[in-house]
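Just so it is clear, the model here is predicted, and its values are computed rather than measured. Heavy-atom basis, side chains included; hydrogens, waters and symmetry copies ignored. One is the number of the first residue; the rest follow in order along the sequence.
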Amino acid sequence: MKKSMLATIVAGGIVVLTYAAHSYASSDYFTYKIYGYYDSAGSQVGTYYQPCFGRMGKITGEKTSVKRLIESGTCR
């Protein structure tokens with residue numbers, strides 16, 4: 001009885017740790033990103049700032065259909 005209970009607890013712990021690691025790795029909670037918006041001539045006409053911790057992003061300039069990642073990093 002004790003061995004099966006221990007095996008169940010260990011298996012449950014592994015599932016919890018695996019889920020937590022996957023959630024941490026797949027979330028953008030600790031990363032920020034800066035995107036540039038470009039016109040048909042290739043000039044940057046706008047910028048989108050995506051901050052960390054679920055805060056609202058901010059667009060400056062013009063938003064176009066061409067968006068490229070300029071910078072990405074980790075918040076501390």
Side-chain angles (χ1 to χ4, degrees):
M1 175 96 176
K2 288 186 179 186
K3 284 185 180 181
S4 64
M5 181 184 277
L6 180 62
T8 303
I9 291 171
V10 169
I14 291 171
V15 169
V16 168
L17 289 175
T18 303
Y19 177 76
H22 174 67
S23 296
Y24 175 76
S26 65
S27 71
D28 284 337
Y29 191 73
F30 293 104
T31 60
Y32 70 89
K33 294 179 180 137
I34 301 172
Y35 293 94
Y37 288 105
Y38 296 85
D39 63 8
S40 59
S43 299
Q44 186 174 347
V45 294
T47 307
Y48 174 66
Y49 301 94
Q50 180 183 358
C52 294
F53 309 115
R55 294 179 298 197
M56 288 279 292
K58 181 179 180 182
I59 296 176
T60 58
E62 183 181 338
K63 182 179 178 180
T64 64
S65 61
V66 180
K67 180 171 103 173
R68 295 184 196 134
L69 181 64
I70 296 173
E71 183 179 337
S72 179
T74 303
C75 297
R76 298 190 188 263

For [X] against [Y], the heavy-atom pair lying closest together:
X	Y	value
Tyr37	Thr47	CD1-N, 4.2 Å
Gln44	Gly36	NE2-CA, 3.8 Å
Pro51	Gly57	CD-CA, 3.7 Å

Applying the 4.5 Å side-chain criterion to the ILVMFWY set and letting contacts propagate, would Val66 and Ile70 be lumped into a single cluster?
yes
Side-chain heavy atoms nearer than 4.5 Å, only ILVMFWY residues, links allowed to pass through others: does that put Ile59 and Tyr35 together?
yes
Using atom types as modelled and distance alone, determine if a side-chain donor or acceptor of Thr64 lies under 3.5 Å from a backbone N or O of Tyr38.
yes
Is there a side-chain contact between [X] and [Y], using heavy atoms and a 4.5 Å cut-off?
X	Y	value
Lys63	Tyr48	no
Glu71	Tyr32	yes
Phe53	Phe30	yes

